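Computed from a predicted structure; not experimentally measured. Note that ligands are numbered from 1 as they come in the structure, with each ligand's atoms numbered from 1 the same way.
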Amino acid sequence: QTGDDRAAKIPRYVRVNTSLWSTEEAVQFYTKRGFQLQGAFASSKGFAIDEHIPDLLAFNPALHFRDDPSYKSGKIILQDKASCFSAFVLSPPRGDPKAVVIDATAAPGNKTSHLSALMGNEGKLYAFERDKRRFSTLKMMLSKAACRNVEAVNADFLTIDPSHPKYSLATHILLDPSCSGSAHASVEIEVVEEDRLNKLAAFQLMMIKHAMKFPSVQKIVYSTCSVHATENEHVVRSALQSDEAKSRCFKLAPRGDVLPTWSRRGQVEEMMGTGDADSLVRCVPGDDDTNGFFVSCFIREHDSTLSPE
Ligand code: SAM
């Protein structure tokens, strides 16, 4: 299978930006324009409501929405289904003016705008981005998507002090750091450079361990668009074994909290045969109607010795 063959099997996903529009309004809008709710592959005019991610629509892969008024106005975000998993699994507090959430590696901002919408545009969402040029793209995207609860910060997440009064209250952190990008369906044959993967994995682990130091954090989602266990299961294993995880009682969230009906889970052999693989989600490019992806979710166990009698 070539990259083009794989890409042709992936629907054109359209996430309704619920900060500006509702799925009902979107369905009505597209129906009026001649589309029919009959599945993404039934015809070029077919579309569907996704079964896993709320407010996600799937259209025929041949379609492009760049010139559509719904895209130009920010009412829809063109985002692959698998890439919607991260914010959905993090499931930040909704409609809570006191909520504090961090997107540690934000640009271009698809997952930031998704988090903002899931929060009902309430509370505070800090979006860090290290790269200056990508930071400008992020700012543009956030303004187009009407994300009023986001404060974008052009900074390296690793330099952010977890005890800073603004950030120390963060309860949820999304970590979608730079990775090899090897899971994109259009990637043809990848020359695997072990050295590069190991460097990326060391950086990814450092990011998770830093996120674990935020004193109020209860939930951390770590995701990549890599197919390599080096950047996925191995990073998660090392994070679980780290002093940061042990001293702060982090473990993997159970399958029931991580897209339970999604059948492709983490690679058991890469998790040393433990049941932990079931807590992880993988997507295989082309085979799962998505690009390739990996999602994990760390949660903080409450220390029973500290709970009141
Ligand atoms: N979550 C984004 C989205 O869905 O639109 C994609 C994030 S992309 C995979 C990773 C981003 O993290 C890049 O823009 C990169 O510049 C940024 N980045 C990498 N290391 C960082 C760091 N230490 N602190 C902040 N941003 C970082």
Colleague: May I ask you to identify, for A104, whether its side chain, its backbone, both or neither come under 4.0 Å of ligand 1 on a heavy-atom basis?
Modeller: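 For A104, only backbone atoms sit under 4.0 Å from ligand 1.
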Colleague: Would you please say whether a donor-acceptor pair under 3.5 Å links the side chains of N60 and S44?
Modeller: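 Not at all, the side chains of N60 and S44 share no donor-acceptor pair under 3.5 Å.
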Colleague: Could you tell me, atom by atom, which parts of ligand 1 come under 4.0 Å of a heavy atom of R134?
Modeller: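 Per the distance check, 8 (S), 13 (C), 14 (O), 16 (O).
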Colleague: Specify the protein heavy atom at minimum distance from atom 18 (N) of ligand 1: its residue, its atom name, and the distance to 0.1 Å.
Modeller: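 For this ligand atom, the closest protein heavy atom is T105 CG2, 3.9 Å.
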Colleague: Can a donor-acceptor pair be found between the side chains of T31 and Q36 at a distance below 3.5 Å?
Modeller: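 There is no such pair (donor and acceptor under 3.5 Å, judged by atom type) between the side chains of T31 and Q36.
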Colleague: At a non-hydrogen distance cut-off of under 4.0 Å, which region of A106 contacts ligand 1 (side chain, backbone, both, or neither)?
Modeller: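 A106 to ligand 1: backbone contact only, side chain stays beyond 4.0 Å.
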Colleague: Tell me, do Y167 and P162 make a side-chain contact under 4.5 Å, heavy atoms counted?
Modeller: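 With C-beta onward as the side chain, the pair stays apart.
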Colleague: Just need the protein heavy atom nearest to atom 21 (C) of ligand 1, so name the residue and atom and give the distance.
Modeller: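 Here the nearest protein heavy atom works out to R130 NE, 3.7 Å.
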Colleague: Closest non-hydrogen protein atom to atom 6 (C) of ligand 1, residue and atom name please, with distance?
Modeller: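 Ranked first by proximity to atom 6 (C) of ligand 1 is A107 O, 3.1 Å.
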Colleague: Looking at E129 and K139, is any side-chain nitrogen of the basic one under 4.0 Å from a carboxylate oxygen of the acidic one?
Modeller: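 Salt bridge flag = no for E129 with K139.
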Colleague: Look at K72 together with D68 and state whether they make a salt bridge at an N to O cut-off of under 4.0 Å.
Modeller: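 Between D68 and K72 there is no salt bridge, as every charged N stays at least 4.0 Å from the carboxylate O atoms.
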Colleague: Should F59 and F47 be marked as a ring pair (Phe, Tyr, Trp, His ring centres under 6.0 Å) after you check the CA-CA gap, both sets of side-chain angles, and the distance that decides it?
Modeller: CA-CA 5 Å; F59 288 84; F47 76 117; 5.0 Å; yes
Colleague: Tell me whether M207 reaches ligand 1 (any heavy atom closer than 4.0 angstrom to a ligand atom).
Modeller: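 Yes, that is the case, since the closest heavy atom of the residue is under 4.0 Å from the ligand.
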Colleague: Could K144 and Y71 be counted as a cation-pi pair, given that NZ or CZ must be under 6.0 Å from the ring centre and within 45° of the axis?
Modeller: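 Ring-cation test returns yes.
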Colleague: Considering only non-hydrogen protein atoms, determine which one is nearest to atom 23 (N) of ligand 1 and report residue, atom name and distance to 0.1 Å.
Modeller: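 Protein heavy atom with the smallest distance to atom 23 (N) of ligand 1: D156 OD1, 2.7 Å.
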Colleague: Any ion pair linking K75 and E25 (charged N to carboxylate O, less than 4.0 Å)?
Modeller: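 No.
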Colleague: So which protein heavy atom does atom 19 (C) of ligand 1 come closest to, and at what separation?
Modeller: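 So the nearest neighbour among protein heavy atoms is S178 OG, 3.3 Å.
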Colleague: Counting from 1, what ligand 1 atoms have a heavy atom of F157 closer than 4.0 Å?
Modeller: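 Heavy-atom distances to F157 below 4.0 Å select 22 (C), 23 (N), 24 (N), 25 (C).
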Colleague: So which bit of P177 gets within less than 4.0 Å of ligand 1, heavy atoms only: side chain, backbone, both or neither?
Modeller: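 Answer for P177: backbone.
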Colleague: Below 3.5 Å, N or O to N or O, backbone or side chain included: is there any such pair between N110 and ligand 1?
Modeller: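 Right, the criterion is met.
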Colleague: Could you check whether D289 pairs with K81 (Lys NZ or Arg NE/NH1/NH2 to Asp/Glu carboxylate O, under 4.0 Å)?
Modeller: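 Not counted as a salt bridge, because no side-chain N and carboxylate O are separated by less than 4.0 Å.
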Colleague: Look at atom 16 (O) of ligand 1 and say which protein heavy atom is nearest, naming residue and atom and giving the distance to 0.1 Å.
Modeller: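 Heavy-atom neighbour on the protein nearest atom 16 (O) of ligand 1: E129 OE2, 2.6 Å.
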Colleague: Taking the side chain as C-beta and beyond, is there a heavy-atom pair between F214 and I160 under 4.5 Å?
Modeller: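 Heavy-atom side-chain distance check passes, below 4.5 Å.
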Colleague: Can you name the atoms of ligand 1, numbered from 1 with element, that are less than 4.0 Å from a heavy atom of A155?
Modeller: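 Reading through ligand 1 atom by atom, the close ones are 24 (N), 25 (C).
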Colleague: Among all protein heavy atoms, pick the one closest to atom 4 (O) of ligand 1 and tell me residue, atom and distance.
Modeller: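 Going atom by atom, the protein heavy atom closest to atom 4 (O) of ligand 1 ends up being K111 NZ, 2.8 Å.
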Colleague: Quick one: look up the protein heavy atom nearest atom 1 (N) of ligand 1 and list residue, atom name and how far away it is.
Modeller: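 Result: D176 OD2, 2.8 Å.
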